[in-house]
Structure formats: structure tokens, C-alpha cells
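Structure record follows, encoded as C-alpha cells.
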There are 2 protein chains.
Amino acid sequence: MVVIARSALGKLRGKYDSLSTTEKRIAQLALNSPSTVSEMTIRELASAAGASTASISRFVKRLGYANYREFTMELAHVVVVDAQEGAKLFKELGEGDSLGVIANKVFHSSMASLEATNDALSENDIARAVLKLINAGTVNFFGLGGSSIAALDGYHKFVRTSLNVAYHPDYDIQLMQAAKLTADDCAVVISHSGKNYETIQIVKELKANHVPIIGITSYSGSPLARAATVTLLSLTDEIKYRSEGMYSLISQIAILDSLFMMTVLRSSSRTQPVLMHVRDVIERTREEP
Amino acid sequence: MVVIARSALGKLRGKYDSLSTTEKRIAQLALNSPSTVSEMTIRELASAAGASTASISRFVKRLGYANYREFTMELAHVVVVDAQEGAKLFKELGEGDSLGVIANKVFHSSMASLEATNDALSENDIARAVLKLINAGTVNFFGLGGSSIAALDGYHKFVRTSLNVAYHPDYDIQLMQAAKLTADDCAVVISHSGKNYETIQIVKELKANHVPIIGITSYSGSPLARAATVTLLSLTDEIKYRSEGMYSLISQIAILDSLFMMTVLRSSSRTQPVLMHVRDVIERTREEP
DNA sequence: TGAAAAGTGAAACTTTTTTACATATAATTA
DNA sequence: TAATTATATGTAAAAAAGTTTCACTTTTCA
């Protein structure tokens, strides 16, 4: 027969009535403040309950534990479970938050953003994007302002592959670069809002040259999303931050990570040697040269 | 001050690198199967780890526990938490993986990295870092290679605050910049390995000038971590990737996000107006000018 | 009411954990 | 490179924690 294990508190309540006076006192303590008791030694509990250590020892065995330590361990479990049930959802960041709380909120928001972004990715779109990348003559990253960081990251990643990649932080150069591309190349355009004026100028230039565009943006209705050949959405957690664009960066980067890994794995035999070589170079720069 | 306790696994990961060989063996056991270890006596663990009971005792104290029992107790906590989140283990990426699977793995690894990083952050360290930032004459970001992206991101974020920030991608300029700083300034040095030769040169220069250093690295035992005034660990999921440093970027950025939010919220009245203003400027560049 | 049963604490005993000490090994410095 | 210092680790003794025995008390119930 399968017996569902009761929690420590359950056992205590269940057997409470069959306990002796001294043992009831002990049980009472454990029921009232399991967390405190879980941290006590057998002596401490004995003195707190006005009983002898021997009584405690017998008491826990009566409850079905092999020894005192097992008992305190289960009590601790109870505490954790309780604490977790009490954990509430994360709200907006407030000025009263302690540093630990702020860190938790930031991290969990980032994680939620990643989850949302991952959920929203369609395999179909990804496949189209990867194909464009693999077959492109040159892969060009475009991003301005906050998104320039993601674009730079994309460049850093893909430069390790056998693909020909290009990126320049300056807007004018990006625009000129866009003018030079053809339908055989591929452009990765990153913009949180998808409607930044300069970015759209670049997109127009690319469109004029029939360059395939992989757009990474947070808004599916934005000009960038509408103009792109393939749109990959970098979603952010619904939580409102003082500076919203900030949190799509991590999602943008994760999308680039994915594209990178896919590119590497897909064109494996072609890319692997280059990747290895680049990694070796990096390794060599560590410590004394 | 209320200190948010790090989880046992967080502490383990955080200090892992600075442990001795024997202690690493012990940590490994605890990381691999916390539930088993949590039920072991010190003798059992000692024999399982091929160490003496004395080593175990010292080991737990180094992690910050008062005694062995406290350690096993916390490990038990972890078990409960882990079990509740449901196991979501991902293996190494394989060439046979479909695109959807690759995306899932990448995203979940990033999320796991964020979780581990968050876990390993101690409120104490964060507080010290934020204080250094807020009171610094100028805040300077240093990062080379892959970490230059995180450094640039840090610059982008903090430039919105009322703090004076600086960053330049070029190594020589970074080095010169480091030479100009004083004890009144603050340096944020980012390096995945924490031992890149050029980065260490910068660190030495900073040390010579007594500049407070906030180090962001993945290895607690690295030269950067040892030299830094405050070290914040950007952990990565244990899963092995073809290109390991790649995945600490997201953790690095999340740490910077946290520092940014804290700085903003802490020095609220001083920062808020600037932040608003910068945001307005950004807003104005959207759509037709 | 009085024998058996159950409850209890003191103390002996066992096990577990910590600390002190000695030795080996690595790192540092003169 | 030798000397010195710091670090790492195990052995063993001390301390602490936990369990069991046993004698004594209280309760139960025929």
C-alpha cells in the first residue's frame, strides 16, 4: 500500500492527542515555530520544552523519525514550502526596495523576457532567417543607439564563423554600407521600437536594393517589422520599467545567440574549423602573452 | 541591514573557483546531488569525497556556515526549491537538433545562467558596488574582446544617469584612461575569464592608482576577482558550449542592469531628472524628425 | 489497593562534529 | 636557488550532540 508521506506538521497534528503531557509540550513548540525548532539542538529543545533530551529523542522516534536530525530536517522543509507559497509576484520596482529585491526583480524580469521571446519564435521564421544567413555573400548588422550593442554583439559572434560579416557603429557608415549591398547579401537590422528614424532610413535603402532583411524588434506592427523579410520578436516582460528599451537587449542577444548556434550547427563542416581557429586565438591572449 | 541569504548552491558556485582541490571534490558532490549530501553525516560525506572530516568541517565554514548541520540544512532547502521548479535539464547542443530545439536550449541555458548569477550575488557585495558607483567622481568601464560589449552596454546605461561615465573600445586608450584615474573614481572591469592579459594590465594600473574596482567575471579565483574591490560573479550554466564565454554576456548585462536600477533608485532625486531628459531625447529621434 | 504499564530524567554511553597539532606542499622572497 | 612563509590536509584528541539504560514516579485498571 502506498502511504502518502505527511509533512512534519501533519504528523505532529495527527499524533498530538496520543502524546503524553511532556511530549505535547514539545509538539506545541514545534507546531508554533517550526523554523526556530528546526535549528535547535536536542539539548536546546529539551530545555525550551522543560523536558530531558531523552524525552525528545523518544518523542521523535514515536513520530516515526529515525533520529533527531531527520526530524529537524523535515521541519525545515515545512518552513521552505511555506515561505515559497507566500512568495508573491513581482511588481514594479519601487524606491523602497532593498538591493537584494531589486536584483531579484531585474533578474526575474529578464528571465521572463527570455521565456516570452522564446515562446514567440516560430521555427519557420527561424529557418528562413538561418537560410538567408548561411547563403549570404556578406552578413551586415545594423543597429543604432541602444540596439547598437546588440548589433555589435551579433558581429562579435558571427565573426567567428566562416561567414563574411560587417558592422560599423556610425550611422552614416551604416547607411553607406546599406547602399552597397545586393540581393545576394543579408542584413540583420535591430531596433527595439522598430521605428527609429535613422534605422528606417537604412531599411529603406536596403529595400531599394532588394537586400533580404532579418528584423529584430519588439513591435510586430512597427515599420521595421513590416519591411523585414523575416521578423524575430524580442519581447520584454510586461512589467513597466522606468526605461523600457533596456530590457529587450537581453532578448535581442538571446535571439542572436540562437541564430549563431544554428548557423554553426547547420553549416557545421564549413564553420567548425574557423570557429576553432578563432577560439584558439582568443585563448592565446590570456595570461602572459 | 537585511541580508538576503544566498542559496547553498549559489554559495557553492560562487566560491567554487577559490576552493582547493579537495574542497572542489566536496563541492562537486554537493552540487551534483544536494539531496543525498544533505542527508549524510560528516563522516559519510568525508569518505564519499575522499577527504577527512576535518576538511569537510573547514569547508563548510569557508562557505560561511556556522557548522556542518547548518550546511546540510541549507542543502535540504535547495532540494525542496529545485524539486518544486521541476527539472529542466538540457544537454549539450547536438548537430541533429531541430532549429526549435536549439532555440529552446539556448534560451533555457541563458535563463539558467541568469538564475545562477542571481543566486550567487550577495547583497553585501552589491551594496558596496553601488556605493562606490554613486560616490565616484567618474565611472569608467573597461572590457576587451567579447566583454567590450558588456562594457559598452554599461556605458550606454549609465550615461543616462547623472554620473560621469567613460568608456572607449580601444585597449591603449583604456589603459591611458586607467592611468588617469584616482581613488575618488570608480572602475568597472568586465572580463569573462578574469585573466585576459590586457585586462590585467589595466587592473594593475588601476591598483597602482588605488582606484576602486568593481570586477565582473565568471571565475572567483581569477586575477581580476582577486584584485577587485568588489567582485560580482557572472555565472554560466554548466552545460558545455562550443564557445563558452558567449553565454556569460547575458549574465554580465543583467548584473549591469541591476547596478543601473539600484543606482537610479538609490540616488533617485539626483538621477531622475537626467534620466527623464535622456529618455525624451531618445523619444524625439523616433519616426520622422 | 496493588501489580503492571507508561512516563520521565540522570547519567552512561555512542556517535558526530570541531579543534589542535603535525606534516606536506606550494608560493614567495631574499 | 635556498630559505621562509603561507596553504592544504590528515590524525587524533576534545567537545558537542544524540541515544540508551536504568532507577524512580505516576498512572491505569483488574
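Computed from a predicted model, the values in this text were never measured in an experiment. Every chain is numbered from 1, with letters handed out A, B, ... down the list of sequences. All values below come from the heavy atoms of this structure, side chains included, with hydrogens, waters and symmetry mates left out.
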I need the [atom1]-[atom2] distance between [X] and [N], as an integer number of Å.
X     : N      : atom1 : atom2 : answer
A:E23 : C:dG9  : CD    : C1'   : 14 Å
B:K24 : D:dT9  : NZ    : C1'   : 15 Å
B:E70 : C:dT18 : CD    : P     : 10 Å
A:N67 : D:dT19 : CG    : P     : 5 Å
A:Y68 : D:dG18 : OH    : P     : 6 Å
B:I26 : D:dA8  : CD1   : C1'   : 11 Å
B:R25 : D:dA8  : CZ    : P     : 14 Å
B:F59 : C:dT19 : CZ    : P     : 17 Å

When you get a sec, tell me which of [options] is the closest nucleotide to the side chain of [X]?
X     : options                : answer
A:T53 : D:dG10, C:dA11, C:dT17 : C:dA11
B:T22 : D:dA17, C:dG7, D:dT9   : D:dT9
A:S55 : C:dT17, D:dG10, C:dT8  : C:dT8
A:S57 : C:dG9, D:dT19, D:dT9   : D:dT19
B:A54 : D:dT20, C:dA20, D:dT9  : C:dA20

Touch check for A:R58, heavy atoms < 4.0 angstrom, all strands: base, sugar-phosphate only, or nothing?
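If one applies the 4.0 Å heavy-atom cut-off, A:R58 turns out to touch a base.
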What's the separation between atom NE2 in B:H156 and atom CD1 in B:I149, rounded to the nearest 0.5 Å?
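B:H156 NE2 to B:I149 CD1: 12.0 Å, rounded to 0.5 Å.
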Please round to the nearest 0.5 Å and tell me the distance separating atom CD1 of B:I56 and atom CD1 of B:I26.
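Separation between the atoms: 3.5 Å.
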Determine: side-chain N/O of [X] to OP1/OP2 of [N], distance under 4.0 Å, yes or no.
X     : N      : result
A:R43 : C:dA10 : no
A:K61 : D:dG18 : no
A:R69 : C:dT17 : yes

If only side-chain N and O atoms count, and only distance matters, is there a donor-acceptor pair under 3.5 Å linking B:H192 with B:S248?
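Yes, a side-chain donor-acceptor pair sits under 3.5 Å.
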If you take the centroid of each ring, where Trp contributes its six-membered ring, are A:F71 and A:Y65 closer together than 6.0 Å?
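Close enough - the centres of the two rings lie under 6.0 Å apart.
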A:M40 versus A:A48, closest heavy-atom pair with distance:
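Taking A:M40 first and A:A48 second, the nearest heavy atoms are CE-CB, 4.1 Å.
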Closest nucleotide of DNA chain D for B:R62 versus for A:E44: which of these residues is on the 5' side?
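It is B:R62, whose closest nucleotide lies nearer the 5' terminus.
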